[in-house]
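No experiment lies behind these values; they were computed from the predicted model shown. Starting from 1, each residue takes its place in the sequence as its number.
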Amino acid sequence: MTDDIAALFVEHRTYPPPPGFAASANAQPDIYDEDPDEFWTREGHERVSWFTPFDELKEWNPPYAKWYLGGVLNACYNCVDRHVEAGAGEQVAYYWEGEPVDERQVLTYADLQHSVVRFANTLKRLGVGKGTAVAIYLGMVPELPIAMLACARLGAPHTVVFGGFSADSLSGRMNDMGCEVLVTQDEAWRRGRPVALKKTADEAMDAAPGVRSCVVVRRTGGEVSMTEGRDVYYHEASAAESDDPASCPCEPVEAEDLLFLMYTSGTTAKPKGIVHTTAGYLVGTATTHHYIFDIKPDTVYWCAADIGWITGHSYIVYGPLCNRTTSVLYEGTPDFPDKDRWWEIVGRYGVTVLYTAPTAIRTHMKWGPEYAGRHDLSSLRLLGSVGEPINPEAWVWYRKHIGADATPVVDTWWQTETGMIMITPLPGVTTLKPGSATRPFPGVEAAVYNSEGKEVPPGAGGYLVLKRPWPSMLRGIFNDPERYVETYWSRFPGVYFAGDGVRIDEDGDLWLLGRVDDVMNVSGHRISTIEVESALVDHPEVAEAAVCGRADAMTGQAIVAYVTLKGGLDGSPGKLAELREHVAAKIGRIAMPASIVFTPELPKTRSGKIMRRLLRDVADHRKLGDTTTLADPAVVEEIQARAAGDVKEE
């Protein structure tokens with residue numbers, strides 16, 4: 001028996017770069033020939049503007065890195081002010097689309113600058129200065145990036161807490177960071193219904209005594225409780241402040257000064273406060289955004305994620321704004337008021353680049369291509385996926401039905417901890433393979449290790465590691481250096497262990513297999529959940545699948561599959577047998593699910609990730625863990641009821 005990960009599922013389809021795209025692509029093949037230090041030095045000069053240029057690229061004392069030493073800059077200046085100073089103030093920064101279909105707003109870079117300056121002055125009046133920690137608990141409204149940039153302007157580190165989190169989650173993060181100010185809103189819209197954010201914020205502040213001021217954005221106009229001396233309305237307080245940039249100049253900060261904390265879940269109950277500093281993070285996100293999404297002056301870019309997860313920070317706010325990109329910012333869900341809302345938005349704004357999660361793509365697969373077919377999507381020239389490995393069939397559906405079977409699809413791998421995309425195709429350079437993130441981004445060195453810390457040969461599976469530092473890497477876990485070392489650097493000394501399984505094919509391309517935690521041990525074989533899920537979704541009637549292991553006295557673990565069929569169809573014993581045989585034909589009988597639960601929906605977070613932890617709870621008949629981040633908590637209850645009557649292989 002071995003701890004190494006089996007590589008079973010094989011995908012043979014390839015898509016070379018379209019010649020026209022390749023000819024004008026930002027990335028050309030010789031980008032991979034550059035020395036990493038020379039590459040990051042050049043990008044450090046080209047992507048950002050410095051108040052004082054850096055004089056040393058990096059300092060690497062494993063596991064701690066510093067980048068662009070000696071440099072002084074400001075993230076808000078790089079994202080806003082320098083573009084206005086360059087004469088681009090009238091360029092659109094964000095097309096904001098509210099969930100109610102009649103609520104829209106266009107923010108130019110000049111508009112953004114005025115709003116950021118007003119709010120930075122508001123925060124100053126509340127005592128916020130360089131080093132003051134600020135928490136932000138908002139929906140996807142324009143005030144969210146405005147608040148982040150206002151903090152950056154002042155040199156005040158921020159943490160954005162996703163609007164779906166509970167009061168306990170919010171207070172825990174504010175207490176851990178030592179936040180003194182909270183920015184929230186009265187209510188958020190969610191599928192046409194208001195969600196009480198201020199009420200939750202009040203509960204959180206009761207348990208976070210260090211928070212002395214709360215700024216409340218009016219969104220729905222719903223009645224909220226306002227505590228005198230602590231709470232102020234955003235629009236009232238900001239209206240009294242100057243929007244002249246000279247009234248609030250951008251605070252010069254050191255390259256390694258803290259920009260934000262991003263809290264992410266871990267193996268313990270306490271979330272990890274991932275530390276991201278200013279210069280390396282900004283260079284890393286702007287560089288990857290420029291090359292991977294082939295950003296042009298006329299690009300209309302839409303990252304359909306939520307700010308509050310790292311994807312939103314890196315590829316809705318800091319990377320795109322640093323590159324002076326025009327972006328779409330959407331408040332609502334893909335299916336409100338109908339399942340074609342996304343495609344109507346793409347058509348109306350002429351979106352050219354769309355970046356979203358595989359779970360969202362599979363949801364659209366389940367609904368059917370006719371919703372996209374109602375709209376003109378011909379403006380799209382590039383598609384991307386993020387968040388978890390994408391099944392080959394979802395990749396092909398995305399390209400065919402959204403990209404007119406012509407656009408490149410960049411499947412990206414990265415983490416909260418990495419700050420930027422790490423493994424990805426480069427459109428115009430890379431021959432694409434459905435389901436493969438292909439190869440490391442220039443300047444990034446990745447490898448696949450076996451359990452003994454040796455690199456595996458092509459065709460084998462193992463553990464993903466990163467062998468050299470990169471600019472946007474986490475600088476630690478806030479106030480917990482021991483946990484930082486233990487979590488990321490103890491498994492394979494001297495290299496960063498990502499916690500993901502991966503296989504490397506004969507061409508050297510990488511295929512992510514999901515979290516090592518999600519690897520199942522079946523009769524001594526370590527089988528990745530993503531490979532079984534890909535085999536299931538390969539079946540023409542399957543829209544989505546999620547797989548986990550449950551305890552089994554004979555095999556150690558047995559594979560349990562949760563399957564959603566296309567067109568809202570329900571399962572049957574015959575369909576169960578058919579799907580099991582389909583998996584056997586695709587990757588082998590060892591990977592056949594022992595049981596299949598047919599369900600109309602899978603439990604997902606509001607950012608679109610499948611909550612496999614809850615599915616494992618269901619499979620092993622355990623009490624459910626925390627469900628506060630689910631988009632629809634009722635889904636898991638229905639799955640529990642269905643699982644009680646599932647059909648198992650004897």
Does any part of the side chain of [Y], heavy atoms only, come nearer than 4.5 Å to the side chain of [X], both counted from C-beta?
X: Val215; Y: Thr184; result: no
X: Pro145; Y: Leu329; result: yes
X: Val353; Y: Val300; result: no
X: Arg42; Y: Glu46; result: yes
X: Val444; Y: Met420; result: yes
X: Val134; Y: Cys179; result: no
X: Leu474; Y: Tyr484; result: yes
X: Leu107; Y: Ile146; result: yes

Nearest heavy-atom pair of [X] and [Y]: which atoms, and what distance?
X: Ser166; Y: Thr200; answer: C-CG2, 3.9 Å
X: Pro252; Y: Lys130; answer: O-NZ, 3.1 Å
X: Gly332; Y: Glu99; answer: CA-OE2, 3.8 Å
X: Tyr488; Y: Ile274; answer: OH-CD1, 3.7 Å
X: Thr311; Y: Cys303; answer: CG2-SG, 3.6 Å

Using side-chain contact (heavy atoms from CB on, under 4.5 Å), reason through Tyr355 and Phe293 one step at a time and then give a plain yes or no.
CA-CA 9 Å; Tyr355 189 39; Phe293 300 110; 3.6 Å; yes
Check whether [X] reaches the backbone of [Y] with its side chain - one donor and one acceptor, N or O, closer than 3.5 Å.
X: Asp294; Y: Asn26; value: yes
X: Ser115; Y: Asp111; value: yes
X: Thr412; Y: Ser385; value: yes
X: Asn175; Y: Ser171; value: yes
X: His276; Y: Ser472; value: yes
X: Asp186; Y: Val224; value: no
X: Ser379; Y: Val351; value: yes
X: Gln415; Y: Ala498; value: yes
X: Asn61; Y: Tyr64; value: no

Thinking salt bridges, do [X] and [Y] make one under a 4.0 Å N-O criterion?
X: Arg219; Y: Glu331; result: yes
X: Lys199; Y: Glu187; result: no
X: Glu97; Y: Arg104; result: yes

Glu256: what forms a salt bridge (Lys or Arg N to Asp or Glu O under 4.0 Å) with it, not counting sequence neighbours?
Arg475
What distance separates [X] [atom1] from [Y] [atom2], expressed to the nearest 0.5 Å?
X: Trp413; Y: Glu388; atom1: CH2; atom2: CD; result: 14.5 Å
X: Leu258; Y: Phe478; atom1: CG; atom2: CZ; result: 7.0 Å
X: Leu466; Y: Met473; atom1: CG; atom2: CE; result: 8.5 Å
X: Cys79; Y: Arg153; atom1: SG; atom2: CZ; result: 11.5 Å
X: Thr132; Y: Leu123; atom1: OG1; atom2: CG; result: 9.5 Å
X: Asp81; Y: Tyr109; atom1: CG; atom2: OH; result: 12.0 Å

If you apply the rule side-chain contact (heavy atoms from CB on, under 4.5 Å), what do you find for Leu149 with Leu112, and how did you get there?
CA-CA 9 Å; Leu149 293 163; Leu112 192 59; 4.1 Å; yes
What's the verdict on ring pair (Phe, Tyr, Trp, His ring centres under 6.0 Å) for Tyr318 and His289, showing C-alpha distance, side-chain angles and the deciding distance?
CA-CA 10 Å; Tyr318 290 110; His289 181 255; over 10 Å; no
Kindly confirm or rule out a cation-pi arrangement of [X] over [Y], judged by NZ or CZ under 6.0 Å from the six-membered ring centre and within 45° of its axis?
X: Arg468; Y: Tyr496; result: no
X: Arg218; Y: Tyr234; result: no
X: Arg47; Y: Tyr291; result: yes

Could you walk me through whether Val317 and Tyr94 pass side-chain contact (heavy atoms from CB on, under 4.5 Å), step by step?
CA-CA 10 Å; Val317 181; Tyr94 288 118; 4.1 Å; yes
Using the side chain to side chain donor-acceptor pair (under 3.5 Å) criterion, which residues pair with Tyr330? Sequence neighbours excluded.
Arg341
Whether the [X] and [Y] side chains hold a donor-acceptor pair (N or O, under 3.5 Å, no angle test) is what I'd like checked.
X: Thr278; Y: Tyr68; result: no
X: Thr352; Y: Arg381; result: no
X: Asp176; Y: Tyr263; result: yes
X: Ser247; Y: Asp244; result: no
X: Ser314; Y: Tyr281; result: yes

Testing Thr122, Asp243, Asn121 one by one against Ser238 for a side-chain hydrogen bond (donor to acceptor under 3.5 Å, both in side chains), which residue passes?
Thr122
Kindly say whether the aromatic ring centers of Trp470 and Trp67 come within a distance under 6.0 Å.
no
How about [atom1] on [X], more than 12 heavy atoms from neighbouring residues, nucleotides or ligands closer than 6.0 Å, or not?
X: Arg125; atom1: CZ; value: no
X: Lys124; atom1: NZ; value: yes
X: Gln28; atom1: CD; value: yes

Matching residue for Trp302 among Trp96, Tyr349, Trp342 - test: ring-ring contact (aromatic ring centres under 6.0 Å, His included)
Trp342
Parallel, tilted or perpendicular, judged at 30° and 60°: which one describes the rings of Trp414 and Tyr315?
perpendicular
Let me see the working for Phe497 and Trp489 under ring pair (Phe, Tyr, Trp, His ring centres under 6.0 Å), right down to the final yes or no.
CA-CA 6 Å; Phe497 173 48; Trp489 301 94; over 10 Å; no
Residues 50-70 vs salt bridge (charged side-chain N to carboxylate O under 4.0 Å, His left out), sequence neighbours excluded, gives Asp37-Lys58
Go through it in stages, so that I can follow the logic: the residues are Gln91 and Thr326, the test is side-chain contact (heavy atoms from CB on, under 4.5 Å), and I'd like the CA-CA distance, side-chain angles, deciding distance and then a yes or no.
CA-CA 7 Å; Gln91 179 181 329; Thr326 295; 3.4 Å; yes
